[in-house]
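Heads up, the thing below is written out as C-alpha cells.
Atoms within a ligand are numbered from 1 in the order they appear, just like the ligands themselves.
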Amino acid sequence: MKVAKFGGSSLSDAGQITKVANIVKDNPDIKAVVVSAPGKRNDDDIKVTDLLIALFTNHQAGLDTDEAIQSIIARYDSIISDLELSKELLNTFEQTLRDYLTNIRQPERLLDALKACGEDFNAQLISEHFNNVGIKSSYRSPKDIGMIVSDEAGNARLLPESYDEIAKIKDIEGVIVVPGFFGYSTNGEIVTFSRGGSDISGAIIASAVNADVYENYTDVSYIYAAHPGMVKNPHKVHEVTYREMRELAYSGFGIFHDEALQPLYANKIPVQIKNTNDPAINGTRIVSDRDDIQEYPVAGISGDTGFMSFTIKQYLLNKEVGYTRRLLQIFEDLDLSIEHIPTGIDDITIILRSHQFEGNNKREQVINLIHTQLRPEWVHIEDDLAIIVVAGEGMRNVYGLANKATSAFMNKEISLQMINQGASEISMFFCIQSKDLDSAIGALYKQYFE
Ligand code: ASP
C-alpha cells in the first residue's frame, strides 16, 4: 500500500492535475492521495496559499477583500473549467471564504482557516476529477479521518492518539483524497502546520496506515549532494537516510519538510521522491540504512544564510556557576530560539536566525540585558552569517573528513566563525560569513565528491 503526496507544482493547473490522475490510475497500490494547494504555474505566478494570506492581510487592514477573493476563485475557476468539473464547487468555495471572513473573529484562527482553504478546495475538485476519469475516489477532510492536532496556530503538531483513528482509512473503499497542511484541534478549530506542511500530513497518514512506501511527488526526481545553483552538475543522491536528511534539511535542503521525517523515521516508512513530470524515474529514496556509505561517507552539503551571533567575553567565565544559564534565560524571556552555542574558556557565542530580530527591538533588549545582568567585558554582534552542514552516516567511521573541510576553507581563504560537530557524529556545522557561502560550498563539494 502506498500513500502519495503531490506538491503545489504538481497541482498548479488542469494539465498537471491530469498527470496526477494518470499516475494514480497507473498505481492501484495508492490508497491515499494527499494534496497541496495549487502552486506557481510559472516564475511570476503566485501560490494560492500566498493569495490566501494576502486576502487575510487585506481583511485585517480593513481594505476591500473582493479583488483578493476573486483572484483566488479565478485560479480554481480555470482548473474547474479546463477539467469540466461542476461549477457548483466554485460557489461553495467563495461562500466558504466569505463565511470565514465574517464569522471568525480571532486573527490567528482566521489566518489558519483561510490558509487551509488552498488545499481543502483542491482536494475536493481533484476527487471529483478522479471519479470523472474512472478512479473510484472520495474526498475526506482531516476531520473526517481523525487528524487531531495541537492548538498552535500555524505550527500544529499531531496528537499521537490520532494515529489509531487515521489507520481506519484502510477500510474505506477506493482512493481517498485528503487535503494536506492542516488538522483540527480537539475543539474542532482548523489549525495549520508550518509552511510547506502538506509533507507532514502525508507523512502522518503514511505512518498511520503503515504504508510500504510514501511517495512524495514534486517537480524534481532527485535530491542533489549540493545545491545545483552553487555547484555545477552535482551528484544525484540515490539514497539518503532519515538522519542525514534531517541534518541537511536544517540548512537549505528545501525538498522535504524536516518535520515530516519524524513519523516516517519512527515507523521506518521509506520515502520515494518522485517527479510528476517524469513519474517513471524512481529518484532519491529516504531510508533508514543506505548501502553506499563506503563510497559516499558524506551524503550531502547544504548551506543557508540568515544567521547572526552574539559573543560575550568574560574572564574566568568557566568558573562562574550559573553564568550560561542566566545568559540563555535572556534569550528565552524574549522568545528567541537559539541554533548553536559554541563556547571557549572565557567566551560564549549564541548563534540565532536573524529574522527573529526583524520589526522589533529585541536586539537592543538583548544587549541591554546582557550588560545589566551579566556585566561581561564585552559583547560583540556579527550579522550576515551563514551555516553550512556537511552530513553523512559515514562520518563516524572515516578519518580525515574534518580535515578535508578545513583545507577547503583554507584554500579559499574563508574564515571560519565556528565549527561544531553534534553528538550524533553524522554532521559537522560550519559558520562563515554569508558572502563566502557559494564558494565555500563549491570548495567542500570538490573535497567530498570529486
Ligand atoms: N500550501 C502550503 C504552503 O504553501 C503547504 C504546502 O504546500 O505543503 O506552505
Side-chain angles (χ1 to χ4, degrees), residues 3-13 16-17 19-20 32-57 68 71-73 75-76 79 93 96-97 100 108-126 139 141-142 147 149 152-158 177-184 190-207 214-220 223 245 249 252-264 271 273-277 286 355:
V3 170
K5 179 254 161 177
F6 293 89
S9 63
S10 304
L11 303 164
S12 56
D13 60 20
Q16 289 301 89
I17 294 175
K19 290 181 194 167
V20 169
V33 171
V34 179
V35 301
S36 280
K40 292 181 175 199
R41 293 159 292 186
N42 52 57
D43 285 350
D44 302 324
D45 205 7
I46 304 175
K47 288 170 109 180
V48 166
T49 309
D50 291 319
L51 293 176
L52 289 157
I53 294 171
L55 166 62
F56 168 79
T57 314
S71 65
I72 295 158
I73 295 302
R75 285 294 303 266
Y76 290 104
I79 298 175
F93 295 170
T96 306
L97 293 175
Y100 287 166
E108 54 189 30
R109 292 232 177 273
L110 175 61
L111 177 59
D112 270 19
L114 290 174
K115 279 195 294 185
C117 289
E119 346 300 276
D120 199 32
F121 298 168
N122 224 15
Q124 294 178 43
L125 71 85
I126 288 166
Y139 154 83
S141 84
M147 195 175 290
V149 297
E152 298 163 85
N155 199 22
R157 317 257 150 185
L158 186 80
V177 182
V178 185
F181 192 36
F182 67 101
Y184 283 80
I190 294 172
V191 196
T192 65
F193 295 113
S194 53
R195 285 299 304 265
S198 298
D199 282 355
I200 307 175
S201 312
I204 290 167
I205 295 174
S207 192
Y214 172 38
E215 292 186 334
N216 198 278
Y217 286 83
T218 63
D219 54 0
V220 293
I223 292 169
M245 198 59 206
F253 256 49
I255 190 165
F256 194 66
H257 201 298
D258 53 357
E259 287 172 46
L261 288 164
Q262 200 253 338
L264 300 162
V271 184
I273 303 291
K274 289 278 226 174
N275 185 344
T276 300
N277 306 316
I286 310 177
H355 67 80

Arg157 side chain to Glu152 backbone, donor-acceptor under 3.5 Å: no
Protein contact of atom 3 (C) of ligand 1 - nearest heavy atom, named by residue and atom, plus distance: Arg195 NE, 3.3 Å
4.0 Å heavy-atom contact, Gly8 with ligand 1: no
Polar side-chain atom of Arg75 near backbone of Ser12 as donor-acceptor pair, under 3.5 Å: yes
Min heavy-atom dist Gly196 to ligand 1 below 4.0 Å: yes
Under 4.0 Å to a heavy atom of Glu119 - the qualifying atoms of ligand 1, by number: 1 (N), 2 (C), 5 (C), 6 (C), 7 (O)
Protein contact to atom 7 (O) of ligand 1 [nearest heavy atom, distance to 0.1 Å]: Ser36 OG, 3.2 Å
For atom 1 (N) of ligand 1, closest protein heavy-atom neighbour: Thr49 OG1, 2.7 Å
Arg195 and its side-chain hydrogen bond (donor to acceptor under 3.5 Å, both in side chains) partner, picked from Asp50, Thr49, Asn155: Asp50
Nitrogen or oxygen of Lys47 less than 3.5 angstrom from that of ligand 1: yes
Nearest-contact summary for atom 6 (C) of ligand 1 - protein heavy atom, Å: Ser198 OG, 3.4 Å
Tyr214 (side chain) donor-acceptor with Ile204 (main chain) under 3.5 angstrom: no
Parallel, tilted or perpendicular, as decided by the 30° and 60° cut-offs, for the rings of Tyr76 and Phe93: perpendicular
Ionic contact status for Lys115 with Asp112, cut-off 4.0 Å: yes
